[in-house]
Every structure is written in structure tokens, then in C-alpha cells.
K.L.:
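Please read through the structure below; I'll follow up with questions.
Protein chains get the first letters and strands the later ones, always in sequence-line order, with residue 1 at the start of each.
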Amino acid sequence: MVRAGVFLLLLALVVPAGGQEAPVRIAWWTDVGFPTPFAFSTVGPGGVVRLTLLYDSLLWKDDRGLIPWLAESWRTSPGGTRYVFRLRRRVVWHDGRPLTARDVRFSFAYFRRHPFRWVDLSVVQAVEVQDRDTVVVQLARPFAPFLENVAAVVPVIPEHVWRGVDTPEHLQDLVVTVGSGPYRLAEYRPELGFYRFVAFDGYFRGRPGVREIQYVVVPTARQVLAVQSGEVDLAMTTAPEVQDLFRGHPSLRVLATEPLSVARLVFNLEHPLTGRKLFRQAVAHAVDVQGVAALVTRGSGVPGNPGVVRPGDPWYTPQVRRYAFDPVRARWLLRFLGYEDRDGDGFLEGPDGTRLVVEVVTSAARETEPVLRSLAQVGMDARARVVDPATRAQLAAEGRFAVLYTTHVGAGGDPDYLRTWFSGEDANAFAAGTVLRTPEFQRWARLQAEAVDPAHRRRAVYQLQRVLSEELPTLVLFYRPFYWMYDSRKLRPWNTRGGLLNGIPLVENKLVFLPGSR
Amino acid sequence: MRAGWGAAAARWLLLGVGVVLANFALPRLLPGSPLTAPELAPLPAVAHQRIRAEYLLGRPWTEQFVHYLGSVARGDLGRSLVSFRPVTQVVGERLPWTLLLVSTSWTAAAVLGAVLGTLSAAKGQGRWTSAWLSAAVLIGSLPEFLLAGLLILTFSVWLALLPASGAPVPPHSWDQVARHVFLPVVTLTVSATPAFALVSRDLVGAVLREPFLLTVRAKGASSWGVLRHAWRCALPSFLTLAGLRLAGLVTGAAAVERVFGYPGLGSLLFDAVLQRDYPVIQGVFLLGSVLVLTASTLLEVVARWLDPRVR
């Protein structure tokens, strides 16, 4: 009896977490499109993360940062424009054919004609095959974020499947989802948002411990209930209360991610009102950022930093301009701009007597409410214009707004987002909205992107944060974590450093499903 | 009689033209464009150019309309701007779910409403009838999403008897589908029944006051026999009104589908509107309109056939 108990105990220790036949079921709030690099949905990060189960990239990330993946080693030229990747041997596609350097070259060439929807690859000038296992990527200019934002994100696709395909987004059949990743797509039901991934036994990192992963659609408001009822094994919420709810539960756990989701006010720099730096600074003094963060995130968020980078991020510098919550100073700045309460009605008026009206375009009325209250306290007639996300994106794209409230992921990982968010180059539609054209911003943005020396880059990133805090194209209100609820009998998720891919606070890193990878 | 059919056909034709026109115009009247919607906005310029050319975005409305008419005539509803799949396929996958939800709720609400309305009419005025009427008006005026929330709280959270989500995980079995569709059906049925009950109460009540029923009663017919006679007269009008109510039920189904995460046409339409997916919006509107028009017309035909005064 005792011997049997010891045997069972040993067995439990040897079998990796999730090493069972029952499928792991993951909740998401919507269908995310057909999982190829050409047809997945870019509304939210769910689609691109699901691709990573099917496809591999040259590098990958774990909880400590970048790790070799399809490429077992790499080196960079002194000028930072040439990357040589040495590929692993014995990597095969799901159909059993070997993955070679030719496939890597084909992938980058094919993505030039048929863009991979998550990453801008215009910096890649050419890709050459040196031998069967060596590939050379030539960049048009040095690009410091290349390894983290390109090599560790772009999926390698099989040449023998995609060669000759002219409209890859129309090709949506299971037979084309051949990748080299740890899972094969066995079933996709778009009307249900249902995906069934089965383990690929020929995976180069070994047989995945979790034999099957299913994704199901669960409306956002009911994800907690779905985990509690056992309907799903992994789901997400932004409500910090779930930590108390699941405390002491025998099997259900909560994992808080790094606060990589950001909420911020975006100012239209072409607008006659918000185009004035003093006005933006007045807003920064008027808004009680600490109070807004505490109220909206119910204490779980980190108050915003005018330098945009999250406090606690490896790239954060405290050497930025600060804006204390100071309504008196805000009023003083507004008075300097010519706004004062001329008729005693409690609202500020301009020199021509017109009331100072500030319209905040938002898709989250309740979250915007405390901001409006802050602005009203200094005499602005602050109003919310509540629109759906598509309309918000439209207004942002056309510059038809003064102030816009947006929330999105990506406040982590490589700091190049400090450039892309404010130069109109970000792939995330929710991160768009304003272009900062000052020469100082342009200079530091370019320098940090092209810096070859890490120390130089760090200095440029710090300078960029200083410029952003001075110019205030955006006022970050808070950074919040996501809370992942999971059944610890099925899987044990953990946080990828800086978020999955480029700052995504999702926890289904493929390593979680592999044996002994952490 | 022939003139009646002619008028019905003319009405059908007029409605059809109206549907096609509205179908084309409505998505284009929405603020925003597919290319600036969150789904397509991140794509590079080269992809935008291709999409613009393929879907004639930015071309004059007249050109787009002629192209749209030609496509509809060929039965080609285009491809989704978001998923890139043929709209007929996208809509076809959702249709059975909505048909299941709407037809079940509509039938259940009609039968329940008819029974309750008849009982109320037979009882006549009284305290019971007043209470019943007040309750019906109250329940009927509750928005579907509120009703859905109450049912989820009761049956999924407190009693933990039924799943809160409307989409069962494949492979589907009948009992699994039934468990998932139960709460959405109950929501729609409860919401639609009062209207049916009030209509049938008025219709049957009016017939019961007709002199010919005195003759029926004088001949010694039972209460059941009297009601059967009354219903023979009331049925044509009831069916016509039930046909009209169908459109309301389809609209209500959209809200219910959204709340339950039910994979029907309503959820599809909601997402398509948010993403400015013109072809899918048009496809759902077109199919929904054609279905409602066809069902209403069929019910009208049955009603005419049942009514000896116009047969």
C-alpha cells in the first residue's frame, strides 16, 4: 500500500504540469479568424497569439527574455544591419517535410507581397540563404528592436504550401495550416469561435504535455463564471476581485500579469485647442491621475507616467517632467492661455467669451467619467462623446477629435512603441491617434531605433521619455494587469517577460504546454 | 380574390425593392469606413489598396450600387472584409442557430399566448384578469437583455442548472444543444408571449360576443366547443398578427444572442457593424428581410385560406 502511494507520488512529480489527455479549454471573447498569418483577426491580440501554437519564429521569449528557437544561434554585424541565424536541424513541418533556410527566405519574401498583419517588415531589405541551415537577414538600416519585435514574432511558413498562392487570405482550409509549431489545427468552427489544436508529436522540443487545446467563445462578462463552473480551464478578467474570490480554492488559481495594458488620453496635436502644449500641460495638472487609476482599476493599476513607459519596466526612467495634481496650477495655465470665468457661471470662457468646451471621444463612458470630473473642477465644460470602437478609430484616423480616451495592450517589451505610437506606424489601431512632429522627438525616436550600442540606445530611450513628458502628446492615466484564472490541475501558466510577442499580457506561451521547458 | 393576390404580390415587390435599397444604404450611412475600423486599419498601404479596389471602396455610390445589384442578382454576396470568407458561407453557418432560436420561441410564445389569452377571454373581466393583464404588460415591456440577465443569474449562477453561454462545444449532441439553447429560448418566449396573449384575448373576446355564438351555446355546445368555434374565426387575424410579430422577435433575438454569446445572425450582425464589414451587414439584412417577408407572406396565405370570407 505504502509502496503504491510512493509510486503514485513519484509519477505525479515526473509527469509535467498539464501532462494529461483531457483537453485544456481556453476562453476568449470572440472568434479571431482563420489562423494563418494572412487571415487572423487583428482586433485584439488573441489571433496573433493563437498563431504561435501553429507556427514558430526564429527566436522566442520565456520568463527571462529572448531565447533561441528555430534559430539555435545568431550573430549581428557591427553595423547592426546584418543578422546571421543558424537554424536548428531536425525541425520538421506538420506534414513531415524538413524546415530549411529556404523556408525562412521564402517567408520574408512572401510577407513583402502579402503582409503579415501584425508586424511592419519594411525594414527587411533582403534575406539570403547561406547554406541549408544558415540564413542572413539584411536590413535597410540598423533596427535595434529587430530581434524582439521581428525575429521573435514573425512566423516562418512553409514554401511548399504557399508558393504560387496569390490570395492567401482567401485560402482557408485546414490543409494550409501546416506549420512547425507544437500544435496542429484539427478543427475550426468560425460561427462558434471554436478552435481545436492537437499536439504535434514530431515537435523539435518534444511531445507537448497537453495533448489538446480548445478555444471557446465566452462573453467577457461571464468568463469568471465559466472558470468557476468548470466550463473552461483558463480565462481572463480585468477585475482584481477575482484574487479574493479564488483565494483558498483547492484547484482554481489567479495569475496577475505585468500591467501591460495602458489607458491614456490622446491629444490631437493639430487641433487649435489641444495643439497648444500649455493646454495639454494644464490638463495634466487638472487630472488626478492617482485617483483615476485607483478608482477605475479598483486599486490594481499603476498610475500613469508622463514619460509613457511604465514604472517598473526595465526601460523606465524617473528623469521626466512631472505633473502634480494641482487644479490651481491648471487654472493658472489656462488663464495664461486666456481662459477665465468671465460671467461667473463656473465655466471658463475664452477671450471672445465662448465657453471652454473639451470633448473626449471614448468607447468606455464609465472609465472616462472621473477624467471629465477632474476637468470640470478647473472650469472646463468637459463632455464625453461615446462612440463604438470602429467610429473611434475612424475619428482618430481622420484627426476629428480633440481628446480621445483609449485603452490597449503593448506597454512592455521593446521600447520601440515610444516611436510607433506617436509616428502613426503602430499595427495596433487602438494605439494610433496622434503624430508628434517635433524635430527633437523625431531625432531621439530614430536614434533609439537605430542605435547599435545598448548604452546609446538606453540613453536615447530615456531622452525620448523626457521629450514625451515635455510635449505630452498623450497623458497616461494608468497601466493595469490582466488576471488569468486557471485550473491548476490542467495547466500552470506564467508570465512571459515583457509580455508575449510585443508586450501582450496573455499567458498561453507555447512553453507552458511543453514538458520541462521552464 | 385575384385582386387580393395581385395586391399582395405588388406589396411584396415594393417591399423587396425597399429592402434592397435599404440594405445597400444602411451600412454606408454608418460613421466610419471598413479601412479605418480596428480590423483593417493596421494593414499596410499595399493591402488597403487591394481591398479598396476589390470592394470598390471610395468609388461613387452609384457605381457601388450597380455592382451590388449585379452581385445580388447572381447570388454572390461577396466576401467578408474581415474574415475574407464568402458571405453566403458566413451567413449560412449562423442561419440554423437563429432559425432554431426564433422558430422555437415564436411557436412557444404563440401557443402559450393563445392559451393564456383564451383563458382570460373566457373568464371575462375580473380581479384575476386585471392582475394577469398588468403582469403581462410588465413582462412584455422588460428589455430582452434584462430578462436574459435575470435568467442567467437564476439558472446558471444560483441554481447552476444550465450553461450561461449559448454556444456548445463540438461535437454537438441534441441534449447538449438543447441545454445551451434553453435559456435564450425562454428569454425570447417570455418576452414575446404577453403580446400574443393580449392579441388572442382581444380577438377571442370579440368573437365570443358575436350573436352566432349564442346559437352555438343554445345548441348545447360545451365551453370547449364554443371556444373552438371562436378560434376558427379568430385564427386568420391571429396568424396575420403573428407574422407581423415575427420581425420583432428576430430583432429581439439579436439582443438575446449577444447576451448569451449565441452563435446566430444577431451576434454576427453586431460584430459586423462594429467592424464596418459591409458585405456581411448586407448579407444578414438581406437574408433576415427575405426570411421575415417570406414567413409573413406564407402566414398571410394560410390566413386567407382559413378565412371563408376571403377564400
K.L.:
Taking the side chain as every heavy atom from C-beta outward, state whether A/Gln228 and B/Val157 have any atom pair closer than 4.5 Å.
P.N.:
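A/Gln228 vs B/Val157: side chains apart.
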K.L.:
Per the salt bridge (Lys or Arg N to Asp or Glu O under 4.0 Å) rule, what does the pair list look like for residues 26-39 of chain A, sequence neighbours excluded?
P.N.:
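Output for this query is empty, none listed.
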K.L.:
Under 4.5 Å from any heavy atom of chain A, what part of B/Leu268 do you find: side chain, backbone, both or neither?
P.N.:
neither
K.L.:
Side chain, backbone, both or neither: which part of A/Glu169 has an atom under 4.5 Å from a heavy atom of chain B?
P.N.:
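Both parts, heavy atoms under 4.5 Å.
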K.L.:
Keeping the roles fixed (side chain from A/Arg222, backbone from B/Ile152), state whether a donor-acceptor pair exists under 3.5 Å.
P.N.:
no
K.L.:
For the residue pair A/Gln214 and B/Val169, what are the closest heavy atoms and their distance?
P.N.:
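So the minimum-distance heavy-atom pair works out to OE1-CG1, 3.7 Å.
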K.L.:
For B/His67, does the NE2 atom have more than 12 heavy-atom neighbours from other residues, nucleotides or ligands under 6.0 Å away?
P.N.:
no
K.L.:
With rounding to the nearest 0.5 Å, note down the distance linking OG in A/Ser41 to CG in B/Asp271.
P.N.:
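If I round to the nearest 0.5 Å, the distance is 9.5 Å.
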K.L.:
Using heavy atoms and a sub-4.5 Å threshold, report which of residues 183-196 of chain A line up against chain B, by residue number.
P.N.:
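Under the 4.5 Å heavy-atom cut-off, A/Glu187, A/Arg189, A/Pro190, A/Glu191, A/Leu192, A/Phe194 qualify.
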K.L.:
Using side chain to side chain contact (heavy atoms under 4.5 Å, CB included) as the criterion, list what pairs up with B/Leu69, not counting sequence neighbours.
P.N.:
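Testing B/Leu69 for side chain to side chain contact (heavy atoms under 4.5 Å, CB included), a comparison that skips the adjacent residues, returns B/Val20, B/Phe65.
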K.L.:
Which atom names give the shortest non-hydrogen contact between B/Phe84 and A/Gln172, and what distance separates them?
P.N.:
CB-NE2, 3.9 Å
K.L.:
Please enumerate all residues that pass side chain to side chain contact (heavy atoms under 4.5 Å, CB included) together with B/Leu100, with sequence neighbours excluded.
P.N.:
B/Thr104, B/Val177, B/Val181, B/Tyr262
K.L.:
For side chain to side chain donor-acceptor pair (under 3.5 Å), just list the numbers for A/Thr391 and B/Arg276, CA-CA rounded to whole Å, side-chain angles, deciding distance to a tenth of an Å, and then say yes or no.
P.N.:
CA-CA 9 Å; A/Thr391 306; B/Arg276 306 295 188 264; 2.4 Å; yes
